[in-house]
Amino acid sequence: MALRSAIPTPSHLELRKERYPSGSRKPNPSIHPSHTALTIELFDIRADERILRGSCCGRALVGRFTLDANSELKVTLNPAPQGSVAEINLEATNTSGSLILHWGALRPDRGEWLLPSRKPDGTTVYKNRALRTPFIKSGDNSTLKIEIDDPAEEYEAARTELIEELNKGVSLEKLRAKLTKTPEATDSNAPASESTVTTKVPEELVQVQAYIRWEKAGKPNYAPEKQLVEFEEARKELQSELDKGTSVEQLRNKILKGNIETKVSKQLKDKKYFSVERIQRKKRDIVQLLKKHKPTVMEAQAETPKQPTVLDLFTKSLQEQDNCEVLSRKLFKFGDKEILEKPKFTWQQTIWSHLYFTGRCQKRMESGRQCGPVLMGCFVTVKAPPSSILPSGSSLLDKACETSFSEYELNGLHCQDTGDAGKGTAKALLERIADLEEDAQRSLMHRFNIAADLVDQARDNGLLGIIGIFVWIRFMATRQLIWNKNYNVKPREISKAQDRFTDDLENMYRTYPQYQEILRMIMSAVGRGGEGDVGQRIRDEILVIQRNNDCKGGMMEEWHQKLHNNTSPDDVVICQALLDYIKSDFDIGVYWDTLKKDGITKERLLSYDRPIHSEPNFRSEQKDGLLRDLGNYMRSLKMEGTLIQSLRMAVHSGADLESAIATCMGYKSEGEGFMVGVQINPVKGLPSGFPKLLEFVLDHVEDKSAEPLLEGLLEARAELHPLLLGSPERMKDLIFLDIALDSTFRTAVERSYEELNNVEPEKIMYFISLVLENLALSTDDNEDILYCLKGWNQALEMAKQKNNQWALYAKAFLDRTRLALASKGEQYYNLMQPSAEYLGSLLNIDQWAVNIFTEEIIRGGSAATLSALLNRIDPVLRNVAQLGSWQVISPVEVSGYIVVVDELLAVQNKSYDKPTILVAKSVKGEEEIPDGVVGVITPDMPDVLSHVSVRARNCKVLFATCFDPNTLSELQGHDGKVFSFKPTSADITYREIPESELQSGSLNAEAGQAVPSVSLVKKKFLGKYAISAEEFSEEMVGAKSRNVAYLKGKVPSWVGVPTSVAIPFGTFEKVLSDEINKEVAQTIQMLKGKLAQDDFSALGEIRKTVLNLTAPTQLIKELKEKMLGSGMPWPGDEGDQRWEQAWMAIKKVWASKWNERAYFSTRKVKLDHDYLSMAVLVQEIVNADYAFVIHTTNPSSGDSSEIYAEVVKGLGETLVGAYPGRAMSFVCKKNDLDSPKVLGFPSKPIGLFIKRSIIFRSDSNGEDLEGYAGAGLYDSVPMDEEDEVILDYTTDPLITDQGFQKSILSSIARAGHAIEELYGSPQDVEGAVKEGKLFVVQTRPQMGKAREDYYQVLGVTVNSTPQEIKEAYRKLQKRHHILILLATRVMHDYTLLLNEAYKVLMRN
């Protein structure tokens, strides 16, 4: 309801029909989908002629609103003359339950939402944002009347005048004296008035009360006008207390607690209102936070033989007795029964078994309980067993047989098939944990002691062992395991066991820094433990609470008995529930809500050894005392810190912020209740100013504006960081403090999401930088994260300086940050999930809990928070940088059936029998396009010049990256439907179409056409094992080698070409036929036979076999001569080992003929794989600062006037290989090569660098066939391993130095243009930059180009003379002369193409 008035008036009336029966306990007031919500709008509440004309008595019916089938709401307005009260009457008919009106006031002229002071009885304030008023029930109807004040318009002018006075610095006291016509100071000698004098509230108390109100509201950033209102509200509250008879002194004692006066005076020292304080962060080099402890998994080690168990002995006896083999087994436990129990049973079950039989054998399974039917699969191979060995009653199926087990009686020992279960885990440790779990469930004391006993075994198993312990503790912390089986244990014993376990973890943290990240997770899930006497006093102090507050019976006594019998983590939740219940003015529903939120039900309370039957029932006069004493008691429970409920709910462990700070800083006697007398010494050696920093954090932990708190938390963590890298005396306490700061940080960020809804991009970017810093402080291998952080900081500075490329730059670091998060998530999954699955199966954990194990770990960390912020700013950056929602890599209009797949790699060898558009969640860059696919849509970002991108353009397949998650989700929701896609260079439109339109075939005239069949000419060995560049010919080497030789001496002098030699075609076959490699040849021949039968596992076996080749002496001799003769170093001169490295690299190049991608690619175009020959181009490696790939015709747009290039830091393998991230990309017009335009900054996190070395490049006869993009299918292998370096782009001159950037990019474009002119056709050029000098390492015709080859345009050959070229050009000009005169767009383009082809070819 929008009401206009000179004072705050109701603006939004939301009628809520609550869906619960009358008389039942009401739920917490919150907007809920089940509520009926109406929005009602009214006109001005003053007398409006339009309303009054239809109202005989001044009351107007505003409207009727249907609530449900039988219920209606009638709203009437009784307008008021100016300055009096207006009435709004609401009547709901036929209401069965209770109704509540949710309303407030809006000043239309100012847009302010306020709460009216005049409100009906029973009205409550909801979150300081709205009022809630219950309707009055009258029979079947419910009514409500609201009165609205409306004083004269002069109120606004007076109010504005007062605000102006305040802004000038006039004090409230002076204004009050001025308005009331009283002197500012009263003469002490003046006679007192005979009338009663009202006691005024001292101004300093008003300031304190206003500060208290501001703190309770979360310290919002109020405007000065709102601050004035807050001061006046504070004055009213205190004046009300004085009017009730409270003295000023009593009021002063009530509100002046602690150091609040100091806080207030500090706030008002330099300003007239309150604002959030901020700390001054120290300037430190981000790299100081660097940690490079990469997680490494130890190889499985031989274990010490264990003593045979009873089951081992039984199995051995069974095998000897029946002359059979028990292939696999697993121990089962049922309830509390011991393994040697011997019930008799009958077990009838069916098993499906896919086995490959090499001889007569029998599989047997034994069990000790009667079970229902079981369906089991053992997939060893897919062959059915011979009929001669089938058990009776078996029936043969297609590739298996079905056999029912016969009835069998056996004393109870339990076993089952384990197969590959436990692979990728510390299997023996997990099985040991499973064996001990029954003992661990007796109490937390038992569990922690068992965990401490297992620490050494876990450490010996390396990272997987540590993860095994974490998975077990995590299952316990999330209540997937039993905590206590009614075992009576003293709190001090739990604390002692907990201390023992965490002490062991602390020692490992000091000694094994590579495990610190996982150890932090374990410690966070366990809690710190506490002093023994604190645990003892927990049971004693509950008596003090009962005595001090006169609550000795009922629920408090039952809880007291429970605490004496067994203290558990549930007690913290119970204490918190009591505090919430008291704070809510004894709403019992709040008590139960708190309990249920943490998994404590009535049934659980009754299940305790000393059950809790009763609900709390306190009196109002007990409120203050109970809040004080239970609050102090909660601190004692935190000190006990037996366990946390989960990683995200650390309310009662050492990870709790207040407890962790108190432990490290030492408790003060003041205000600590039951902790007085407990000796806890502060940690020594903390940085100066650290206590003040922690005090700041505690003072602001509930602030509504989270930014200052986040800065304080990060500063505290940064100060702790050097200590945690060392070996301080109380490392454990500092770790728990750091965990608490980290947890509080994440909570504060999540709380600030609403604050970030309508802010400038710079604000979100700043929050991203804060979260990245927090993540870096919690991560062992954090180099990539730190460089992401540096990038965001630099992007933020660029934005503040209005740099026009800031958004494009920030987008690159957004992409890189997402890659880092994805990599971290994948690492967690690969390390943790196998242990969770195996241990979960051993302990019978609910499958849903196992399935989401790793996902929940990630959700609970800073990575999830960071991801949410990235999703917020991504569309903003794309909009500012004008990137749109798509990047179209191969623009082809297509239509087809949408098919959603996880990975393109998983379906690359599949054939689709109808036009298919794949929506693939993952595309790496090296995949093939499956047959039948006409389009690929992905959120991944493969390079525009990656293999799959080139393949898509060559095959006329639509290929595009979709950056909008909503669009992608929409497309995924249309799985199986027929859609049409129409791309431009920067966008895509799509629509659903009927199948009939698809079947017409008009939309896919060009798309997805199969690559035409091509053929190979078998190459022969021509008698030379090695040749120099001068000997390169079509019969000896591929186009790659020939092009490099052709470039030598023809490119501009400022472009270098590496010296090259080659191992020619046929050499591999010659070496394989040598007598010394006879066994290798036989093995390869046998594997080729398997491959011919479509056994593709033979591909990997062939590659391994090729590596066993021995080099003939003559090959070594000739290769040495050619390399030395060309000025290249000979590896053998550095020792035999160096030659072996070179020889292995050569063999790897040959072996790549059988890599899966290349093999299936040649199959697709029906190339005879046996005819594919592999020459090897040998070059000295250019130790590149940068590597680049050029396409001299823009591959995305087909624009032949524009060069497109991509650049990476380091070697080019990160560009042409499937390395994650995007390269730096730019375009450059051929008529303006000095003006490159950057399209995207790099996001690749990895750069490859190498010392002076030799590279052996594949150069097959199948790489540059017309119509077939075979380039990049085979491997180029350096003699030495490249060094992977995490890249810091913030110090890279190509990114930061505009002059250097322009120089390098222009030089790359010039080189590409020169090589295109040299060949007379669009080229695909690879090269490198070393110390500013360009090198071209290879070139080939550009595949998938939009324009034809210039020779083909004019209809001439490469060997044509200039005269022949001229005649062909003139002939075509004359033939199309008439059409050209028509000046159509097509003919105009064709004329330009003819002219361009003629110009280029004649120049050559």
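It should be emphasised that the depicted structure is a prediction, and the values quoted were computed from it without experimental measurement. Count residues from 1 along the sequence.
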K.L.:
Rounded to the nearest 0.5 Å, what separates atom CG in Leu724 from atom CZ in Arg510?
P.N.:
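Here the interatomic distance stands at 10.5 Å.
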K.L.:
Considering residues, nucleotides and ligands other than Glu855, do more than 12 of their heavy atoms fall under 6.0 Å from its CD?
P.N.:
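More than 12 within 6.0 Å, yes.
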K.L.:
Asn782: what forms a side-chain hydrogen bond (donor to acceptor under 3.5 Å, both in side chains) with it, not counting sequence neighbours?
P.N.:
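Once residues adjacent in sequence are excluded, Asn782 has no partner under the side-chain hydrogen bond (donor to acceptor under 3.5 Å, both in side chains) criterion.
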K.L.:
Could Lys811 and Phe963 be counted as a cation-pi pair, given that NZ or CZ must be under 6.0 Å from the ring centre and within 45° of the axis?
P.N.:
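Flagged: Lys811 positioned over aromatic ring of Phe963.
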K.L.:
How about Thr502 and Lys732: does a side-chain donor come under 3.5 Å of a side-chain acceptor?
P.N.:
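Checked: Thr502/Lys732 side chains pair up, N/O donor to acceptor below 3.5 Å.
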K.L.:
Would you say the side chain of Tyr512 lies within less than 4.5 Å of the side chain of Leu519, judging by non-hydrogen atoms?
P.N.:
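They are not in side-chain contact.
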K.L.:
Side chain to side chain donor-acceptor pair (under 3.5 Å) between Thr594 and Gln576: does it pass, once the steps are laid out?
P.N.:
CA-CA 7 Å; Thr594 300; Gln576 187 62 54; over 6 Å; no
K.L.:
Can you check whether Pro942's main-chain N or O pairs, donor with acceptor, with Lys924's side chain at less than 3.5 Å?
P.N.:
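No.
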K.L.:
Mind running side chain to side chain donor-acceptor pair (under 3.5 Å) on Gln441 and Trp483 for me, showing each step along the way?
P.N.:
CA-CA 6 Å; Gln441 292 179 3; Trp483 285 5; over 6 Å; no
K.L.:
How long is the gap from CG on Leu694 to CG on Leu713, to the nearest 0.5 Å?
P.N.:
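Going from the CG atom of Leu694 to the CG atom of Leu713 covers 9.5 Å.
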K.L.:
Does Glu517 reach the main-chain N or O of Thr779 with its side chain, forming a donor-acceptor pair under 3.5 Å?
P.N.:
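Between the backbone of Thr779 and the side chain of Glu517 there is no qualifying donor-acceptor contact (under 3.5 Å).
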K.L.:
Which label fits Phe501 and Phe448: parallel for a plane angle under 30°, tilted from 30 to 60°, or perpendicular past 60°?
P.N.:
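Rings of Phe501 and Phe448: parallel, under 30°.
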K.L.:
Would you check if Leu723 and Val683 make a side-chain contact, meaning some heavy-atom pair closer than 4.5 Å?
P.N.:
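No - every pair of side-chain heavy atoms lies 4.5 Å or more apart.
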K.L.:
How long is the straight-line distance from CG of Leu725 back to CG of Leu289, given to the nearest 0.5 Å?
P.N.:
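Between atom CG of Leu289 and atom CG of Leu725 there are 9.0 Å.
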K.L.:
Nearest 0.5 Å, what's the CG-CZ distance between Leu775 and Arg746?
P.N.:
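Rounded to the nearest 0.5 Å, the CG-CZ separation comes to 10.0 Å.
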K.L.:
When you compare the side chain of Asp738 with that of His721, does any pair of heavy atoms fall below 4.5 Å?
P.N.:
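Counting from C-beta outward, His721 and Asp738 never come under 4.5 Å.
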K.L.:
In the structure I gave you, are the side-chain heavy atoms of Leu657 and Val697 within less than 4.5 Å of one another anywhere?
P.N.:
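They are in contact (side-chain heavy atoms under 4.5 Å apart), so the answer is yes.
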K.L.:
Taking the side chain as every heavy atom from C-beta outward, state whether Gln827 and Met832 have any atom pair closer than 4.5 Å.
P.N.:
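They are not in side-chain contact.
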K.L.:
Using ring-ring contact (aromatic ring centres under 6.0 Å, His included), reason through Tyr509 and Tyr515 one step at a time and then give a plain yes or no.
P.N.:
CA-CA 7 Å; Tyr509 190 97; Tyr515 303 149; over 10 Å; no
K.L.:
Return the minimal non-hydrogen interatomic distance between Arg284 and Glu719, and the atom names on each side.
P.N.:
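Residues Arg284 and Glu719, closest heavy atoms: NH2-OE1, 3.1 Å.
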K.L.:
Which distance, rounded to the nearest 0.5 Å, do you find between the CG of Leu842 and the CD of Glu431?
P.N.:
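Here the rounded value is 6.0 Å.
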K.L.:
Do Asn507 and Arg459 have a side chain donor and acceptor closer than 3.5 Å?
P.N.:
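No donor-acceptor contact under 3.5 Å links the two side chains.
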K.L.:
Applying side chain to side chain contact (heavy atoms under 4.5 Å, CB included), run through Ile473 and Met521 and close with a yes or a no.
P.N.:
CA-CA 10 Å; Ile473 294 298; Met521 292 182 179; over 6 Å; no
K.L.:
Could you check whether any side-chain N or O of Thr478 sits under 3.5 Å from a backbone N or O of Arg474, counting only pairs where one atom can act as donor and the other as acceptor?
P.N.:
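Between the backbone of Arg474 and the side chain of Thr478 there is a qualifying donor-acceptor contact (under 3.5 Å).
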